[in-house]
Amino acid sequence: MKDFTYRLPTRFVFGHGAEKKAGEELAALGATRVLIHYGGGSAVKSGLIGRLEEDLRAHGMTVLTLSGAKPNPRDDKVYEGIELVRREKIDFILAVGGGSAIDSTKAIAHGACYDGDFWDFFCGKAKVERTMPFGCVLTTSAAGSESSNSCVIMQESTLIKRGLSTELNRPLIAFMNPELAMTVPKYQIASGATDILAHIMERYFTCETEVDLTDRLCEAAMQAVIRAVRIAVKDPMNYDAQAQLMWGGTIAHNETVGVGRVGDFGSHQLEHELSALYDVAHGAGLAVVFPAWMRFQMKRHPMRLAQFANRVYNVPMNFEDPEETALRGIEAHESFLREIGMPVTMKELGARTEDIPKLAAKCKRNPGTDLIGRAWPITGAEAEEIYRIADR
């Protein structure tokens, strides 16, 4: 088990009507001028934005709004938000939505405290040293951005999608009411759960030994998410299933299950190029990439993939041929993804074979190398091979 330093500053307000406590909690944090940043019209039509504005104003705050956060959040909205925060002297940003609104908020908060171009943080030219206070009201169980140290933004002019990891990405507070996720379309529920599972799997597939405690945490979390999404896609109004998914998404990506081990995240780099080029849901892209990545890695790491098959999908262990167990586990995972309505091939996603070299070439490399991913790194040529495995 690796040495680690772990701090989780996010305060969680979880359960029925959690968002109704926003005014009280933000007032306690000293907020006076709040920007609510959200996506499309659903948050307005449902009355959520109006209720939040009323609550914040009742607690003495001036409130402004910025709509338009999109899936695969764009840099143009970040620039707009930075300008608005500076002009209106905003002292707190409250994201309302899922990972896209929250990631856009993170980038705005960092950029508002930086004299240069916020994109410098995402292309490696600068490090985030200061940010401004921000929090979120979560409406979608998926990205885990409500307490993760991660943020992903797409540069619209180049269709390059890049992630940023820093402890300053963790929100001060997250309001999490599973009832708010009940109106999310079933496809998005499934896509979100796929993203949650991928975040756990990225940490699970490691070369670290003696990590049985976090192995077991990962395995239990994956099984719970699989069970919950099977219920939620059939019955979105099931509170308990939605609650399991919402908290599952949080612990999947805030290092609760990842401390003391080196994860990989090469699959995420591969997927970022799919969603950047085709503007598909991140979870749907991961449903295509991750099984292909596992098939590629199977011969290199058969026992770890066989353990996944055995402990998560209850595939009997074949100790004489662990590759056979591993393959059955991958097939079981693909079968589950199909069951909840996810694509598992490039063609089903709408991706084109002729774009594979471009996708592989654009994948983010580890600094100073041609390698993608950490625990089980691959080369650019191998990235192209994985895309071709997915192109079935």
Side-chain angles (χ1 to χ4, degrees), residues 4-12 26 29 31 35 37-39 66 69-75 77-79 81-82 85 90-114 116-155 160-176 195-196 198-200 202-203 246 249-259 263 265 268-269 272 282 364 367 374:
F4 63 87
T5 299
Y6 180 48
R7 177 177 177 266
L8 189 58
T10 306
R11 175 178 171 84
F12 301 100
L26 265 60
L29 289 170
L35 175 66
H37 183 32
Y38 62 98
L66 175 64
K70 297 179 181 178
N72 304 310
R74 275 55 164 192
D75 62 341
K77 187 57 60 174
V78 176
Y79 289 121
I82 291 170
V85 164
I90 298 295
D91 59 21
F92 196 100
I93 309 176
L94 184 65
V96 179
S100 298
I102 302 171
D103 280 7
S104 184
T105 290
K106 291 178 180 183
I108 292 169
H110 304 337
C113 298
Y114 179 60
D117 186 341
F118 91 91
W119 189 253
D120 291 349
F121 301 136
F122 289 82
C123 66
K125 289 184 179 179
K127 291 184 178 181
V128 181
E129 296 179 350
R130 293 189 304 130
T131 193
M132 61 178 293
F134 62 93
C136 62
V137 175
L138 188 65
T139 63
T140 304
S141 305
S145 197
E146 62 273 7
S147 67
S148 76
N149 69 348
S150 301
C151 173
V152 179
I153 300 292
M154 186 172 75
Q155 189 178 53
I160 289 175
K161 191 175 177 182
R162 290 290 181 262
L164 169 70
S165 294
T166 169
E167 288 303 301
L168 293 175
N169 271 334
R170 299 191 193 273
L172 292 180
I173 191 163
F175 301 94
M176 303 172 65
D195 192 12
I196 294 169
H199 286 153
I200 304 171
E202 296 280 20
R203 292 165 170 88
M246 187 164 276
T250 300
I251 66 168
H253 207 30
N254 68 11
E255 294 308 323
T256 296
V257 301
V259 292
F265 285 89
H268 268 69
Q269 303 303 341
H272 284 167
H282 179 51
K364 183 180 179 181
R374 294 183 295 167

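Fair warning: this is a prediction, and the values are worked out from it, not measured in the lab. FYI, the numbering just counts along the sequence from 1.
Taking the six-membered ring where the residue is Trp, His110 and Phe121 present perpendicular rings, their angle passing 60° and hence far from 30°.
Put simply, CZ on Phe265 and NE2 on His272 are 9.5 Å apart, with the number rounded to the nearest 0.5 Å. Rounded to the nearest 0.5 Å, atoms CD1 (Ile93) and SG (Cys136) are 12.0 Å apart. Rounded to the nearest 0.5 angstrom, Met132 CE and Ile82 CD1 are separated by 10.5 Å. In this structure, the separation between CD1 on Ile251 and CD1 on Ile200 is 6.5 Å, given to the nearest 0.5 Å. Atom CD1 of Ile90 sits about 10.5 Å away from atom CD1 of Ile108, to the nearest 0.5 Å. A distance of 12.0 Å separates SG in Cys151 from CG in Leu168, rounded to the nearest 0.5 Å.
Checking side-chain atoms of Arg203 against main-chain N and O of Ala252 turns up a donor-acceptor pair under 3.5 Å. The closest donor-acceptor contact from the side chain of Glu202 to the backbone of His268 lies under 3.5 Å. A side-chain donor-acceptor contact under 3.5 Å links Thr10 to the backbone of Pro171.
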Practice problem: Evaluate the criterion side-chain contact (heavy atoms from CB on, under 4.5 Å) for residue pair Phe175 and Leu26; output intermediate values, then yes/no. | Solution: CA-CA 11 Å; Phe175 301 94; Leu26 265 60; 3.8 Å; yes
Practice problem: Assess whether side-chain contact (heavy atoms from CB on, under 4.5 Å) is satisfied between Thr139 and Tyr38, documenting all intermediate values. | Solution: CA-CA 10 Å; Thr139 63; Tyr38 62 98; over 6 Å; no
Practice problem: Evaluate the side-chain contact (heavy atoms from CB on, under 4.5 Å) criterion for residues Lys161 and Asn72: first the C-alpha distance (whole Å), next the side-chain angles of each, then the deciding distance (0.1 Å), finally the verdict. | Solution: CA-CA 8 Å; Lys161 191 175 177 182; Asn72 304 310; 2.6 Å; yes
Self-check item: Stepwise side-chain contact (heavy atoms from CB on, under 4.5 Å) check, Arg162 with Gln155
Solution: CA-CA 8 Å; Arg162 290 290 181 262; Gln155 189 178 53; over 6 Å; no
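In terms of heavy-atom proximity, Met246 sits nearest to Met176 at CG-CE, 3.6 Å. When every heavy atom of Ser147 is checked against every heavy atom of Thr250, the shortest pair comes out as OG-CG2, 3.4 Å. Across Thr256 and Val259, no two heavy atoms sit closer than the pair O-CG2, 4.5 Å. Residues Lys106 and Asn169 share a closest heavy-atom pair of CE-O, 2.8 Å. The shortest non-hydrogen separation linking Ala174 to Glu146 is CB-O, 3.8 Å. Between Arg374 and Gly263, the shortest heavy-atom contact is CB-O, 3.4 Å.
In this structure, the side chains of Val85 and Leu66 stay at 4.5 Å or more apart for every pair of heavy atoms.
Partner of Ser104 under the side-chain hydrogen bond (donor to acceptor under 3.5 Å, both in side chains) criterion, out of Arg74, His37, Lys77, Lys70: His37 alone. Screening Ile153, Val152, Val128, Asn149 for a side-chain contact (heavy atoms from CB on, under 4.5 Å) involving Leu164 leaves a single residue, Val128.
Within the structure, the ring-ring contact (aromatic ring centres under 6.0 Å, His included) test picks out the following pairs touching residues 122-153 (sequence neighbours left out): Phe118-Phe122, Trp119-Phe122.
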